[in-house]
Trainee: 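Before anything else, here's the structure in question.
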Number of protein chains: 2
Amino acid sequence: MSEADAARRPTVYDVAQEARVSIASVSFAFRRPDKLSDATRERVLEAARRLGYAPSAAARGLAHGRTGTLGLHAFDLLLERADPLTQTPSFTDLAMPRLDADGVIPWAQTDDDVLSDPRAFPLYVDEVQRGFELECWALGRPVMLSSGAGTDVSVADTAGRVDGLAIFPSPQTAPALARYAPTIPIVLFSAAPGDDHHHRVRVDNAGGMRALADHLVREHGIRDIAFVGRPEASDTAERLIGLQDGLADLGLLLRPQVVDATVRGEDDLVPQLRALIAGGRMPQALVCATDQHAFAVLDTLAAEGLRVPEDVVVTGFDGTLAARLSSPPLTTVRQPMEAMGRAAARILAGVAGPADRPFDVVFEPRLVVRRSCGCPG
Amino acid sequence: MSEADAARRPTVYDVAQEARVSIASVSFAFRRPDKLSDATRERVLEAARRLGYAPSAAARGLAHGRTGTLGLHAFDLLLERADPLTQTPSFTDLAMPRLDADGVIPWAQTDDDVLSDPRAFPLYVDEVQRGFELECWALGRPVMLSSGAGTDVSVADTAGRVDGLAIFPSPQTAPALARYAPTIPIVLFSAAPGDDHHHRVRVDNAGGMRALADHLVREHGIRDIAFVGRPEASDTAERLIGLQDGLADLGLLLRPQVVDATVRGEDDLVPQLRALIAGGRMPQALVCATDQHAFAVLDTLAAEGLRVPEDVVVTGFDGTLAARLSSPPLTTVRQPMEAMGRAAARILAGVAGPADRPFDVVFEPRLVVRRSCGCPG
DNA sequence: TTGTACGCGTTATCAC
DNA sequence: GTGATAACGCGTACAA
């Protein structure tokens with residue numbers, strides 16, 4: 001029996017009839033057990049059990065004015081999840097094996113070998129999401145996950161289902177969100193400060209980059225650094241500026257020209273890196289906006305025959321698990337992702353303290369040194 | 001603004017008033033745009049935008065008879081996530097830093113160093129969950145995540161919120177689930193065949209274990225094997241039997257006495273292993289029911305000064321990421337977890353084919369040889 | 001202690 | 001093309 005032909009769900013009326021009481025008693029049996037005699041309560045619960053009655057969350061939410069659910073929305077997550085360089089088939093391209101046949105489905109039909117790449121999972125968003133889930137479960141709150149293009153529709157749809165919404169924002173997000181802010185509380189992950197009234201959970205990007213700059217310069221004597229990323233995104237911009245400032249404090253100048261790359265982006269990245277190599281202008285270090293960018297850089301450098309860290313130093317940002325597994329292991333700045341997710345959940349649930357003004361929770365990130373910067377790690 | 005003091009959400013009535021039309025027109029403007037004149041439709045949508053109107057999913061679900069959401073329920077997930085031997089503080093014990101203070105929250109307050117253990121995430125359930133999420137997103141279906149003790153209440157609560165429910169069952173689950181089967185479709189992950197009418201998504205546990213037995217015996221000449229696990233769980237039992245049968249086919253006998261251990265279980269595991277060591281009765285190989293069991297075994301053996309694989313071979317089951325990272329890397333049997341999650345979502349969504357009878361989808365697992373069995377990997 | 005009646009916000013079925 | 005109006009299932013005053 002699939003969704004389509006499921007039997008009609010029993011309601012309070014069915015239970016009331018079965019237990020020979022009124023619907024109010026049924027409701028009380030679940031919500032206000034004390035308001036009922038033991039006998040009737042037992043009778044009602046027994047009837048409910050027999051019928052397989054489950055209170056409709058829709059109806060309750062409607063009557064009660066709230067759903068009890070907390071939401072987590074990711075824009076364009078599928079795109080971000082694709083591995084930049086290896087041309088992993090986009091998720092939706094994969095064929096599903098037939099599920100209605102008998103027998104064992106062969107391993108080859110599962111695509112597991114391409115999908116189980118740690119570079120694709122868990123990413124930054126996945127670890128934050130996990131923290132959100134764990135905290136919601138600890139709070140006894142169901143979690144609603146959604147993903148979408150960031151259009152009005154998809155956000156609105158989610159907003160209508162939850163009591164509060166945490167979001168990984170995309171640049172085009174602002175207008176759609178502004179609309180629902182007065183309606184439900186919203187937490188933005190990793191968004192630069194703004195004058196909207198959303199809550200924020202983020203890290204000190206600039207501080208993290210300064211720590212990294214400090215390490216590269218003081219420990220490794222590096223003086224010529226280029227930034228890899230796409231400064232349009234607000235957190236990337238913060239990281240770029242943090243790097244500039246950190247170097248400035250040490251009397252150094254960041255290369256004015258950033259290697260402009262999308263996360264997916266072999267289109268931009270490969271030719272730019274090649275040009276640097278060909279022109280003999282490769283800097284001593286490529287400081288990347290994210291771990292994902294760094295992996296793409298590592299792959300390209302390897303393909304071009306350059307060694308890391310001997311020929312050029314590469315660093316990331318985020319501290320994903322994949323950064324431990326790359327070769328060489330990646331020096332990076334780790335965000336406390338699980339704590340960030342948990343913080344968002346607590347804010348939305350209203351257990352984070354009085355909310356007379358929007359929360360702006362800023363976590364300290366942490367420099368993690370590994371081999372890609374020349375450390376022994 | 002937190003959940004508590006959010007402004008009242010605008011309704012169709014508000015929009016209707018604002019646009020000077022009836023509520024029916026408002027509904028049509030969203031659901032049946034063709035049924036409205038361009039002028040009024042524009043007027044309605046404009047008013048909706050101004051007010052920040054988002055249709056209430058609760059009301060729609062009530063009227064429409066379905067929520068549109070697919071659910072994933074995990075029993076006691078928090079318990080399972082704790083690291084068996086390192087005594088990681090249980091998640092709920094962790095102190096949350098104050099979120100309403102100004103300034104940057106220090107790294108030390110995030111507990112990230114203890115929480116970011118790959119042995120705790122991603123686990124088997126996390127990878128299956130991810131597959132479920134990806135497929136739901138591809139299908140445009142929101143996902144509802146819940147966790148609970150497996151009591152009637154928690155399952156009922158989830159059942160009332162979704163159109164279909166996928167579940168990681170616990171042994172005590174059956175009665176609660178049987179109740180909702182006629183009401184909504186239910187998919188059980190990794191449950192042995194049964195006469196309930198639930199759908200099933202699972203792997204060929206016995207086949208996986210036979211492949212492992214074959215490898216250990218033929219490649220490494222191992223003849224004395226003990227099983228580590230707790231055979232009460234149905235999938236563990238299947239693995240135990242598969243191992244027995246595999247060995248029997250090779251003319252060998254599994255040790256009759258299993259090392260009975262829970263996943264968390266230093267209580268049982270450590271003394272039993274010590275007894276084997278002390279008695280000089282350590283087998284050539286410890287074949288564990290799950291990767292998690294194997295990690296606990298590896299830790300214990302290391303603490304007792306035994307080398308793997310030189311002194312004793314250890315293997316796991318599941319193929320989690322942590323198995324790649326342990327020392328030595330763990331020989332294991334990988335399940336196609338993402339594919340399993342996706343299969344469940346497709347079944348619940350009704351896109352998996354005609355459902356005249358319950359689906360019983362069995363995937364082939366795959367032997368992954370690494371150093372812990374003596375292979376060079 | 002138990003039953004009745006109304007409201008919650010949508011969708012859908014009618015009239016107009 | 002547009003506007004009333006009746007479900008949908010539950011929570012809960014209020015009456016009995």
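Naming convention: chains lettered A, B, ... in sequence-line order (proteins, then strands); numbering from 1 in each chain.
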Trainee: Rounded to whole Å, how long is the line connecting atom CZ of A:F28 with atom P of D:dC14?
Mentor: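 Atom-to-atom, A:F28 to D:dC14, this comes out as 13 Å.
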
Trainee: Check the distance between C:dT10's P and A:R161's CZ and give it to me in whole angstrom.
Mentor: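 The answer, rounded to whole Å, is 13 Å.
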
Trainee: How long is the line joining CG of B:D157 and P of D:dC10, in whole Å?
Mentor: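 From B:D157 CG to D:dC10 P: 13 Å.
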
Trainee: B:D38 has an atom CG; how far is it from atom P of D:dG1, in whole Å?
Mentor: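 Value for this atom pair: 10 Å.
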
Trainee: Heavy atoms only, 4.0 Å cut-off, all strands: where does A:R31 land among base, sugar-phosphate and nothing?
Mentor: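 It contacts sugar-phosphate atoms only.
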
Trainee: B:F30 near the nucleic acid: base, sugar-phosphate alone, or nothing, with a heavy-atom cut-off under 4.0 Å?
Mentor: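 Counting heavy atoms under 4.0 Å across all strands, no contact is made by B:F30.
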
Trainee: Inspect the surroundings of CG in A:D195 and state if more than 12 heavy atoms from other residues, nucleotides or ligands are less than 6.0 Å away.
Mentor: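 Open.
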
Trainee: Once you round it to whole Å, what is the distance between C1' of D:dC8 and CD1 of B:I23?
Mentor: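 Distance, rounded to whole Å: 14 Å.
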
Trainee: Could you tell me whether the side chain of B:H73 and the main chain of B:I167 form a donor-acceptor pair under 3.5 Å?
Mentor: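 Checking the backbone N and O of B:I167 against the side chain of B:H73, no donor-acceptor pair under 3.5 Å is found.
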
Trainee: May I ask you to verify if any side-chain N or O of B:T40 is less than 4.0 angstrom from the OP1 or OP2 atom of D:dG1?
Mentor: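 For D:dG1, OP1/OP2 do not have a side-chain N/O of B:T40 under 4.0 Å.
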
Trainee: Between B:Y53 and B:F30, is the ring centroid distance below 6.0 Å?
Mentor: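 Judged by ring-centre distance (under 6.0 Å), B:Y53 and B:F30 do meet the cut-off.
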
Trainee: Taking atom C1' of D:dG9 as reference, at what distance in whole Å does atom CZ of B:R66 sit?
Mentor: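 For the pair B:R66 CZ and D:dG9 C1', the rounded distance is 16 Å.
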
Trainee: Taking B:R342 for its side chain and B:G131 for its backbone only, find out whether a donor-acceptor pair lies under 3.5 Å.
Mentor: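 Pair absent, no side-chain N/O of B:R342 close to backbone of B:G131.
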
Trainee: Hey, does the side chain of B:S147 reach the backbone of B:A74 with a donor-acceptor pair shorter than 3.5 angstrom?
Mentor: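 The answer is yes, because a donor-acceptor pair under 3.5 Å joins these two groups.
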
Trainee: Can you tell me if B:S56 touches the phosphate of C:dG9, counting only side-chain N or O atoms and a distance under 4.0 Å to OP1 or OP2?
Mentor: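 Negative; the distance criterion is not met.
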
Trainee: Send over the distance from A:D14 CG to D:dC10 C1', rounded to a whole Å.
Mentor: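 Going from A:D14 (CG) to D:dC10 (C1'), I get 13 Å.
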
Trainee: DNA chain C: B:Y13 or A:K35, which has the more 5' nearest nucleotide?
Mentor: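 Going by which nucleotide is closer to the 5' end, it is A:K35.
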
Trainee: Looking at D:dA4, D:dC10, D:dG1, which one has an atom nearest to any side-chain atom of B:S37?
Mentor: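 Nearest nucleotide to the side chain: D:dG1.
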
Trainee: Taking OP1 and OP2 of C:dT4, is either one under 4.0 Å from a side-chain nitrogen or oxygen of A:S22?
Mentor: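 The answer is no; no side-chain N or O of A:S22 sits under 4.0 Å from OP1 or OP2.
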
Trainee: Can you see if the side chain of A:T11 gets near the phosphate of D:dG9 - specifically, an N or O under 4.0 Å from OP1 or OP2?
Mentor: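 So the side chain of A:T11 is outside the cut-off, no N or O lying under 4.0 Å from OP1 or OP2 of D:dG9.
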
Trainee: Map B:S25 and A:V12 onto DNA chain D by nearest heavy atom, then report which one ends up closer to the 5' terminus.
Mentor: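 Final value for this comparison: B:S25.
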
Trainee: How many whole angstroms separate atom CD of B:Q17 from atom C1' of D:dA4?
Mentor: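 It works out to 17 Å between those atoms.
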
Trainee: Looking only at side-chain atoms of B:A63, point me to the closest of C:dT11, D:dT2, C:dG3.
Mentor: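 For B:A63, the side-chain atoms sit closest to C:dT11.
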
Trainee: Are any of B:Y53's side-chain N or O atoms less than 4.0 Å away from OP1 or OP2 of C:dT10?
Mentor: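 Checking C:dT10 against B:Y53, a side-chain N or O does come within under 4.0 Å of OP1 or OP2.
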
Trainee: Which residue, B:V21 or B:L62, contacts DNA chain D at a nucleotide closer to its 5' end, judged by nearest heavy atom?
Mentor: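 Looking at DNA chain D, the more 5' nearest nucleotide goes with B:V21.
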
